[in-house]
Amino acid sequence: MRLSRYFLPVLKEAPAEAEIVSHRLMLRAGMIQQLAAGIYNWLPLGFRVLKKIEQIVREEMDRAGAIEILMPTIQPADLWIESGRYDAYGPEMLRILDRHERKMLYGPTNEENVTDIFRRHVKSYRQLPLNLYHIQWKFRDEIRPRFGVMRGREFLMKDAYSFDLDAEGARRSYDAMFVAYLRTFARMGLTAIPMQAESGPIGGNMSHEFQILAQTGESHVYYDRAFEEIDFSAADLDVDRLKSLYAATDDKHDPARCPVPAERLRAGRGIEVGHIFYFGTKYSKPMGATVTGPDGREVEVEMGSYGIGVSRLVGAIIEAYHDEHGITWPRPVAPFEVGLVNLRPDDSACAAMAEDLYRRLQAAGIEVLYDDRDERAGVKFATMDLIGLPFQVTVGPRGVKEGKVELKERRSGARSELAPESLLDRLTS
RNA sequence: CGGGGCGUAGCUCAGCCUGGUAGAGCGCCAGCUUUGGGAGCUGGAUGUCGCGUGUUCGAAUCACGCCGCCCCGACCA
């Protein structure tokens, strides 16, 4: 992508409404634009990151055996009346009337909808286990939306729903999601600590929330330092051990009753990016989601639901990865992998080398944002540092004379001078 | 919803107290110079001063009402 033809409205100064660093940086880097309280436009750069995160989540859900569907944002109230949640959910749910004055709502979650799909098509235990998920916009009319995309009213969520014949099966489904979540966050460069949690309005009796450690996080968290030695991207995660390790948010943490000795207890701040629930027959019972079991009897299915805040992750990753100059994206979620800067578009030797590199990087399958603008060096460097692409490649008259370009790794700041061929090797390896 | 604050140019803000018809920096447009870390000079464009009502000869400024946004609190992916 040529920056001269792109839409990247960066801001030199942060708009006054933004308080926390991820919100300020998302606005400054031209990723989002606020439309109303807790409701945002996603501009090209932000949208690319959202898609990257979404895709990682999708791949890990698929790997764990979940199957993607797409349910609508608008739902009829009938289903919610049937489950008993229409009255229970409260003003957080956006209720609307259609032209026929039928009660509708903008879905804050999809348990009812997915249970309806299930009951209409699944009749036998032989079709279980089943896990259906989708990645769709939700609306929760929060009392106080804040922190940009971290607590929006409209937000993108991945929600998965498992169906099993019995509690033991449901536990296996739960554990599979538990592991998939750890892998998902690890792929984005995040350490997410699973913490025992209240199940809240979703209901149920087994629940974990996944907290990303970040200094600017909202919740205070306490956890066994044993978590720090765990490689969450490992293939053989021991779920039972992870569940047994202590971790709690401050509202549940009681220093007097904490089972972890002080020298092993770590305190920090966290951002909740995922939450998983096992709730048995809470929805299958009132909505009649049953299958015929092996013994010929009708059985209400055991369910769980599993949420990841996809749009919140964009903010959470920035909270974890930024410095004084801007964002420092982990490579898997960066909007582009490489920022190619031509310092002197008016110089034919620079332009020739930059254009050639641009073509070759693209041919090698690397996502490049090519700054071919007629701007001064400082402006270009500042823009690149702000948007935080993992690698910056600078083509300038100084290096071109010797047939070299400069490679800068954004996060470490490490620079090296390389010939174009070695650069391509470095970036494609 | 309770408490606090803010709404003036695209962005950051001054002006409001003490009423006289709107400014700065950055950005934008044009030209010249400059060119390895947010350049310099010259010229130029850009505002229903959030909305409404009232007071007044006169309102960005004073009063009242409304709307929007931000921060703290309870809630959540």
Side-chain angles (χ1 to χ4, degrees), chain A residues 9-20 23-24 27-28 30 33-39 53 57 89-93 107-110 135-160 181 184-185 192 197-202 207-212 218-219 249 251 270-277 305-316 325-326 341-347 350 373-386 392 394-401 405-406 408 413 415 417:
Chain A
V10 298
L11 302 173
K12 211 162 178 176
E13 293 174 277
E17 78 252 21
E19 195 75 9
I20 66 164
H23 190 195
R24 295 168 73 89
L27 290 167
R28 286 195 54 213
Q33 187 179 44
Q34 186 175 44
L35 184 61
I39 301 177
I53 293 172
V57 170
Y89 214 89
E92 225 178 67
M93 185 155 73
T109 176
N110 292 69
I135 300 172
Q136 176 63 292
W137 293 91
K138 305 292 186 288
F139 193 93
R140 294 183 189 173
D141 201 354
E142 297 278 346
I143 295 168
R144 184 153 92 86
R146 60 181 137 175
F147 301 148
V149 114
M150 299 278 281
R151 185 176 305 166
R153 291 193 293 172
E154 187 185 56
F155 59 97
L156 188 61
M157 180 164 100
K158 184 286 299 176
D159 38 325
Y181 272 38
T184 301
F185 299 129
E198 300 298 331
S199 49
I202 305 278
S207 177
H208 285 85
E209 51 186 56
F210 292 76
Q211 295 271 353
I212 298 276
E218 290 182 78
S219 4
T249 53
D251 49 326
I271 300 165
E272 184 187 347
V273 290
H275 202 155
I276 63 179
F277 308 86
S305 74
Y306 314 91
I308 289 180
V310 175
S311 48
R312 173 179 284 182
L313 274 167
V314 181
H325 302 294
V341 175
N342 180 3
L343 287 183
R344 294 287 301 276
D346 59 326
D347 178 290
C350 286
R373 296 175 301 170
D374 181 21
E375 288 286 353
R376 298 175 62 85
V379 173
K380 297 187 174 194
F381 289 135
T383 300
M384 279 301 169
D385 286 348
L386 174 63
Q392 293 174 16
T394 303
V395 178
R398 229 164 53 192
V400 163
K401 264 187 236 153
V405 297
E406 184 185 276
K408 175 176 138 184
R415 296 160 198 257
E417 302 239 313

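Here is the naming used below: chain letters follow the sequence lines, and residue numbers restart at 1 for every chain. Keep in mind that this is a model prediction, so the values were computed, not measured.
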* Pairing residues for A:Arg373 by the salt bridge (Lys or Arg N to Asp or Glu O under 4.0 Å) criterion, not counting sequence neighbours -> A:Asp371
Gap between atoms [atom1] and [atom2], on [X] and [N] respectively (whole Å):
X: A:Phe185; N: B:A77; atom1: CZ; atom2: P; value: 12 Å
X: A:Leu27; N: B:U12; atom1: CG; atom2: P; value: 10 Å
X: A:Glu17; N: B:G10; atom1: CD; atom2: C1'; value: 13 Å
X: A:Met150; N: B:C76; atom1: CE; atom2: C1'; value: 13 Å

State which of [options] makes the closest approach to the side chain of [X].
X: A:Val379; options: B:G38, B:G36, B:C76; result: B:G38
X: A:His275; options: B:A77, B:G37, B:C69; result: B:A77
X: A:Ala382; options: B:G38, B:C75, B:G37; result: B:G38
X: A:Lys12; options: B:A77, B:C71, B:G27; result: B:G27

* To do: Return the stacking result for B:A77 and A:Phe155: yes when the ring centres lie under 5.5 Å apart and the planes under 30°, no otherwise.
  =>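 Whether judged by distance or by angle, A:Phe155 passes, so it stacks on the base of B:A77.
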When you measure only distances, ignoring hydrogens and angles, does the side chain of [X] come within 3.5 Å of the base of [N] through a donor and an acceptor?
X: A:Arg151; N: B:C75; value: yes
X: A:Arg312; N: B:C76; value: yes
X: A:Glu375; N: B:G38; value: no
X: A:Glu13; N: B:G10; value: no
X: A:Arg415; N: B:G36; value: no
X: A:Arg28; N: B:G27; value: no

Look at all strands and tell whether [X] reaches a base, only sugar-phosphate, or nothing, counting heavy atoms closer than 4.0 Å.
X: A:Pro9; result: nothing
X: A:Gly396; result: base
X: A:Ala18; result: nothing
X: A:Phe139; result: nothing
X: A:Gly148; result: nothing
X: A:Asp385; result: base
X: A:Gly90; result: nothing

* To do: Please name all residues satisfying side chain to side chain donor-acceptor pair (under 3.5 Å) with A:Asp385, sequence neighbours left out, ordered by chain then number.
  =>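 If we apply the side chain to side chain donor-acceptor pair (under 3.5 Å) test to A:Asp385, skipping adjacent residues, the hits are A:Gln392, A:Lys408.
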* To do: Identify, with sequence neighbours excluded, every residue that meets side chain to side chain donor-acceptor pair (under 3.5 Å) alongside A:Asp374.
  =>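 A:Asp374: no side chain to side chain donor-acceptor pair (under 3.5 Å) contacts found.
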* Where protein sits on nucleotides 43-48 of chain B, one letter per nucleotide: B base, S sugar-phosphate only, - none, heavy atoms under 4.0 Å -> ------
* List the protein contact pattern of nucleotides 1-9 of chain B with one symbol per nucleotide (5' to 3'): B for base contact, S for sugar-phosphate-only contact, - for none; contact means a heavy-atom distance under 4.0 Å. => B--------
* Output yes when at least one side-chain N/O atom of A:Gln34 is less than 4.0 Å from OP1 or OP2 of B:G68, else no. =>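 Checking A:Gln34 against B:G68: no side-chain N or O falls below 4.0 Å of OP1 or OP2.
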* Check whether any side-chain N or O of A:Arg376 sits under 4.0 Å from OP1 or OP2 of B:U35, and answer yes or no. => no
Pairs under 3.5 angstrom only: tabulate donor-acceptor contacts from the side chains of residues 148-156 of chain A to other protein residues two or more places apart or in another chain.
residue: A:Arg151; atom: NH2; partner: A:Glu218; partner atom: OE1; Å: 2.6
residue: A:Arg153; atom: NE; partner: A:Ala37; partner atom: O; Å: 2.8
residue: A:Arg153; atom: NH1; partner: A:Asp141; partner atom: OD1; Å: 2.9
residue: A:Arg153; atom: NH2; partner: A:Ala37; partner atom: O; Å: 3.1
residue: A:Glu154; atom: OE2; partner: A:Tyr106; partner atom: OH; Å: 3.4

* **A:His275 and A:Phe277 aromatic ring geometry - parallel, tilted or perpendicular at 30°/60° bounds** =>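 Correct class here is parallel.
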